[in-house]
Amino acid sequence: MKQPLRVAVTGAAGNISYAMLFRIASGEMLGKDQPVILQLLEITPALDALKGVVMELEDCAFPLLAGIVQTDDANVAFKDIDYALLVGARPRGPGMERKDLLEANAAIFSAQGKALNDVASRDVKVLVVGNPANTNALIAQRNAPDLDPRNFTAMTRLDHNRAMAQLAEKTDSTVNDIKKMTIWGNHSSTQYPDLTACTVNGKPALDLVDRAWYENTYIPEVQQRGAAIIKARGASSAASAANAAIAHMRTWALGTDENDWVSMGVYSNGEYGIAEGLIYSFPCTCSNGDWSIVDGVDVSSDFSKEKMAATEQELSEERDAVAHLLP
Ligand code: NAI
């Protein structure tokens with residue numbers, strides 16, 4: 001049996017976590033031969049609810065679940081962890097402006113960044129799910145100066161999966177037929193779901209669909225899918241978000257398929273002209289537990305340039321709004 005890996009999850013009594021923890025404990029994230037210790041963080045008022053979740057985890061008698069920590073102290077939750085799924089975040093309350101939301105979350109993610117810096121494994125892989133995910137990841141990263149910025153990522157895999165599913169439906173194919181999907185930029189309605197490099201059964205996706213459908217229906221539907229789910233379900237996506245978080249970590253740990261890539265919000269080193277230091281979603285491949293941005297994707301069209309710049313602009317504005325809180 002392998003040594004257990006330590007996986008921290010924040011917001012562990014929330015909706016996404018309820019759809020995620022049991023799958024992590026069953027081996028769906030890191031492999032069916034990899035024991036895990038779950039280190040669960042909640043705010044103090046939610047510790048009772050967390051206790052209930054932990055009782056249910058125990059009652060599953062998962063063979064791979066080697067231990068559970070439950071706490072309201074980030075320094076305990078992040079001690080020696082190999083993976084962190086930062087799900088807990090401050091939701092937008094009544095009358096709260098976007099700036100207030102950014103600031104409330106900046107406080108949470110700067111404290112968590114500092115705790116990661118102090119107590120996590122030096123190789124910790126961090127995925128931020130809690131919104132605004134890209135900027136929260138940037139804040140955590142900036143507060144963890146002793147960790148490699150490459151350890152901090154934000155989730156756009158749900159957008160990636162949504163884009164795959166919508167295209168499969170339109171082209172009467174399955175998601176298995178679709179390769180090289182890309183989401184550029186922010187996990188928000190400015191994201192750019194880009195079909196330029198994408199193929200369906202080996203054929204260019206843009207040869208199979210109408211340009212007007214792509215620009216006026218497909219892109220807005222992928223961008224607005226989260227809002228459509230809230231409208232239909234009366235609650236935000238939870239199971240699909242949990243699924244995407246597991247897929248993001250699994251891909252990072254175990255690698256991408258040959259001739260394919262995934263979308264990940266990662267630290268920009270200036271690739272594709274995107275400002276250095278932003279956490280921006282790029283097409284990425286993973287191997288040996290490391291990610292790299294795919295080189296040479298065609299972004300030369302005016303349409304792509306404009307869409308990529310718009311979502312970059314939004315990320316720059318989010319960063320500037322919390323600049324006074326960044327070290
Ligand atoms: P939820 O409200 O059901 O659960 C959030 C949990 O986080 C609550 O139990 C709360 O007590 C906890 N929490 C709040 N502050 C915390 C802190 N400082 N430390 C630890 N725990 C804390 O929300 P849900 O549905 O689970 O969503 C969580 C987040 O994920 C939200 O910010 C949501 O917007 C985001 N999200 C992101 C997606 C993405 O694709 N990146 C997709 C869907 C949701």
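Counting convention: from 1, in listed order, for ligands and their atoms alike.
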K.L.:
Salt bridge check, D290 against R150: does any charged N sit closer than 4.0 Å to a carboxylate O?
P.N.:
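Counted as a salt bridge, because a side-chain N and a carboxylate O are separated by less than 4.0 Å.
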K.L.:
For E215, does the CD atom sit with more than 12 other heavy atoms under 6.0 Å from it, leaving out its own atoms?
P.N.:
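Counting neighbours around CD of E215, more than 12 heavy atoms of other residues, nucleotides or ligands fall under 6.0 Å, so yes.
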K.L.:
Can a donor-acceptor pair be found, under 3.5 Å and without considering hydrogens, that links the side chain of Y218 to the backbone of A163?
P.N.:
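Yes: the side chain of Y218 pairs with the backbone of A163.
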K.L.:
For Y272 together with W184, are the ring centres under 6.0 Å from each other?
P.N.:
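Here the rings of Y272 and W184 have centres that are less than 6.0 Å from each other.
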K.L.:
Is the positively charged end of R211 above the ring of F303, judged by distance under 6.0 angstrom from the centroid and angle within 45° of the axis?
P.N.:
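Judged by the rule (NZ or CZ under 6.0 Å from the ring centre, within 45° of its axis), R211 counts as positioned above F303.
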K.L.:
Heavy-atom cut-off of under 4.0 Å around ligand 1: list whichever protein residues fall inside it, by chain and number.
P.N.:
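Correct list: G11, A13, G14, N15, I16, L41, E42, I43, A46, V87, G88, A89, I108, Q112, V129, G130, N131, M155, L158, H187, S236, S237, A241.
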K.L.:
Linking directly or through intermediates, with side-chain heavy atoms under 4.5 Å: list the remaining ILVMFWY members grouped with I230, chain and number order.
P.N.:
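Besides I230, the cluster holds no residue at all.
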